Amino acid sequence: MTSAPAAAGTGALARYEAVIGIEIHCQLKTASKMFCACDTQIEGAEPNSHCCPVCLGLPGTLPTINKSAVEWVIATGFAIDGEVATTTRWDRKNYFYPDIPKGYQISQYQLPLVANGKLTFDTSEGPFTVRVRRAHLEEDTGRLIHEDRDGRRVSLARRSLIDFDRSGMPLMEIVTEPDIRTAEQARRYAEELRLLMRTIGASDAEMENGQMRVEANVSIRPIGREAFGTRVEVKNMNSMRAVERAIAFEIERQAELIDGGGAVHMETRGWDDPSQSTYHMRPKEEENDYRYFPEPDLPPLTTTPEWLAAIKARLPELPAVRRTRYQTEFGLSGYDASVLVNDLASTALFEGALAAGEGVPAKLLANWVTGEYMRLVKGEESGGSADPVQLAALVKLVADGAISGTNAKEVFAEHFATGRVVAAIVEARGFRQISDAGALGTAVDEVLAANPAAVADYRAGKGAAVGFLVGQVMKATRGQANAAMVQTALRERLAKTE
Amino acid sequence: MVRSGIIPGMANLTRADVEHVAFLARLGLTEDELARLEGQLNHILDQYAILATLDTEHIPPTAQTIEVANILREDAVRPSLTVDEALSNAPERSESGHFVVPAILGGEGGA
Ligand SMILES: [Zn+2]
């Protein structure tokens, strides 16, 4: 086993350029499977309880194409600015392994539904665009469990168990050109694609349960050289962090191998999270070994302009467009716009609150979502939630000066934890801010009378004494005074009686 | 890589090609079987070589002989088989309701 790279990718990238292409499989959000009517709600189900003769690959059965699955791929095509095929076809990818009951997987080889798209996203080194070579539809495989003699689940097994519930689930494969040069770009691409999938609704794209699977083809070449090096396929990356680390590790591993006089072999390697390293899984099969040929059981598919236009019209606002709009329409910084847009729950809260609370300043609202809301979500006591209407009400109180910023944070935390409405919390805690000049004036006068030393300091030129006096008024009013008004009232009085 | 031609004049299947195809099909073949299949497979390719002499330049490639297109199914769920029905042809079933097959070595499938 190679030792872990000291700093992710930094050593090798001084001498070599990495060339990375990403393949992502996403389970599409349909009610039924790709080529049969079995239910796709298989998570946690009894093994082999979501199977029929079609997805079990029984002889004499015929597949039928799920219209929704096709539409999700077309929608993805539009979302990545790709070309949607006018005619598409299905092919058989032949291989023998028990997870594929027919001995072939129905996929798309020569005529994918989508070609030549692109995706642009931010990285620490600025915006980056990756070309997407193709996006196509296929069917998922069954799940295998390897067991040893004692029934323990291991890799070197006595027997293998098959659950065909996943067999025939609709899967979209999205393949990039080898445009990616760093592990960070690879992770950011996968994150942006995941956000896109969730935004358009094509897939929930949870990596933890395999709804989204990221594979990377990684090779390196000396800086300045045109020809590609031998590529290694890296699999089993189960989180975004794993994607970045696995690729960084693989770049270092290949560089060490070449520096030591060795050669990179074409192989498939798996990421092992506990050891933070990749390991050999199997030699990579050649494309020709799959003996693709046109699927005779499925007719070709032509896409009419009307159908495509209808799918395109259903697309929601895409993340890139939304980020720009938040900056131009609401004056948000690029960073704040990204933080809001990159998290769908935050986007929904922000948009919902905007729609609910008339006249609430968008920028202030955005600060609350990216600040307090995100802090609570990431905090130890997450599990709470925020209601957009309540957030709008709270931010309105803050904007109107009816409640202090500090108290508002307490109110929000309680709302987040308990779901209580904002008005009730403000009332119960007596947080309504005193903005009444008369009431404030009395408190200010009392504080001035009680603190002659501070008053004398101020008059002797120590302007900072005002801060102390403001604090005394806030204390006297249990934090309910409008601090700005207190400040003004104090200065007025101190100036007058001089 | 294209191992051998189905184009007239190109080399026929070699023993190595047959062994490779047998490996892809996960078939363990004896020397006798390999020799016999080499002959049979080359015989099949010879037939293709005859077909390949036809002029097909103006005929579009076709994978289908029935003239239908755009057959789509609405995304609606219908009942699946019961677990017992699904497993009724299994060579062996486990207590957990899985199909049981002999151990598979060498990692996962190709998809
Ligand atoms: Zn089925």
Side-chain angles (χ1 to χ4, degrees), chain A residues 30-32 37-40 46-53 56 58 64-70 89 93-100 105 107 138 140-141 144-146 155-164 268 270 281-282 285-286 288-291 293-296 298-302, chain B residues 1-6 17 19-28 41 60-111:
Chain A
T30 59
S32 63
C38 287
D39 195 339
T40 52
E46 196 184 339
N48 296 303
S49 59
H50 290 60
C51 300
C52 73
L56 286 172
L58 299 188
T64 49
I65 303 163
N66 185 332
K67 187 179 173 190
S68 287
V70 175
R89 205 184 58 196
K93 179 181 180 178
N94 298 278
Y95 67 94
F96 288 95
Y97 203 68
D99 65 358
I100 196 94
Q105 177 189 37
S107 181
E138 58 187 35
D140 209 345
T141 64
L144 285 174
I145 297 164
H146 307 293
S155 52
L156 284 180
R158 180 181 65 92
R159 61 178 197 170
S160 295
L161 308 180
I162 316 170
D163 174 5
F164 283 119
T268 299
M281 289 173 80
R282 57 185 154 88
E285 295 205 28
E286 297 276 347
N288 275 336
D289 288 345
Y290 290 123
R291 294 150 291 145
F293 65 86
E295 166 60 86
L298 287 171
L301 181 67
T302 55
Chain B
M1 67 213 101
V2 176
R3 284 177 185 272
S4 126
I6 52 173
D17 292 329
E19 286 172 2
H20 181 69
V21 172
F23 167 76
L24 292 177
R26 304 297 187 257
L27 294 173
L41 288 172
T62 180
Q64 282 247 320
T65 51
I66 33 170
E67 294 203 4
V68 293
N70 299 346
I71 310 293
L72 294 170
R73 176 176 58 83
E74 290 302 321
D75 182 24
V77 174
R78 285 208 306 269
S80 299
L81 297 173
T82 64
V83 175
D84 281 339
E85 283 167 344
L87 290 166
S88 57
N89 290 316
E92 189 188 337
R93 62 180 285 181
S94 71
E95 319 70 51
S96 52
H98 288 89
F99 288 79
V100 177
V101 295
I104 305 139
L105 304 180
E108 39 180 290

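We name chains A, B, ... by the order of the sequence lines, and we start the count at 1 in each one. Side chains are part of it too, since the values below use all heavy atoms of this structure and drop only hydrogens, waters and symmetry mates. Model, not experiment: these values are computed from the prediction.
- The parts of B:A25 that come within reach of chain A are both its backbone and its side chain, each placing non-hydrogen atoms under 4.5 angstrom from that chain.
- B:E85 is linked by a side chain to side chain donor-acceptor pair (under 3.5 Å) to B:T82, counting only residues two or more places apart in sequence or in another chain.
- Across A:G270, A:P294, A:A31, A:C52, the residue that shares the most heavy-atom pairs under 4.5 angstrom with chain B is A:A31.
- Interface remark: of the candidates A:P296, A:P53, A:C51, A:C38, A:C51 forms the most heavy-atom pairs closer than 4.5 Å to chain B.
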Test log, rule side chain to side chain contact (heavy atoms under 4.5 Å, CB included), inputs A:T141 and A:Y97 | CA-CA 10 Å; A:T141 64; A:Y97 203 68; over 6 Å; no

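- Considering only residues two or more places apart in sequence or on other chains, B:D84 meets the side chain to side chain donor-acceptor pair (under 3.5 Å) condition with B:R93.
- Counting only N and O atoms by type, the side chains of B:S94 and A:R159 include no donor and acceptor under 3.5 Å apart.
- No other option in B:N70, B:L72, B:V83, B:L87 has as many heavy-atom pairs under 4.5 Å with chain A as B:N70.
- When each of A:N66, A:L301, A:T40, A:T64 is checked for heavy-atom pairs under 4.5 Å with chain B, A:N66 comes out on top.
- Contact annotation for A:F164: only side-chain heavy atoms (C-beta onward) come within less than 4.5 Å of a heavy atom of chain B.
- Looking at every heavy atom in both residues, A:A37 comes nearest to B:A76 through CB-O, 3.6 Å.
- A:D163 places a side-chain N or O within 3.5 Å of a backbone atom of A:N48 that can act as its donor or acceptor partner.
- Residue B:I71 touches chain A through both its backbone and its side chain, counting heavy-atom pairs closer than 4.5 Å.
- Using a 4.5 Å cut-off between heavy atoms, A:L56 touches chain B through its side chain atoms alone.
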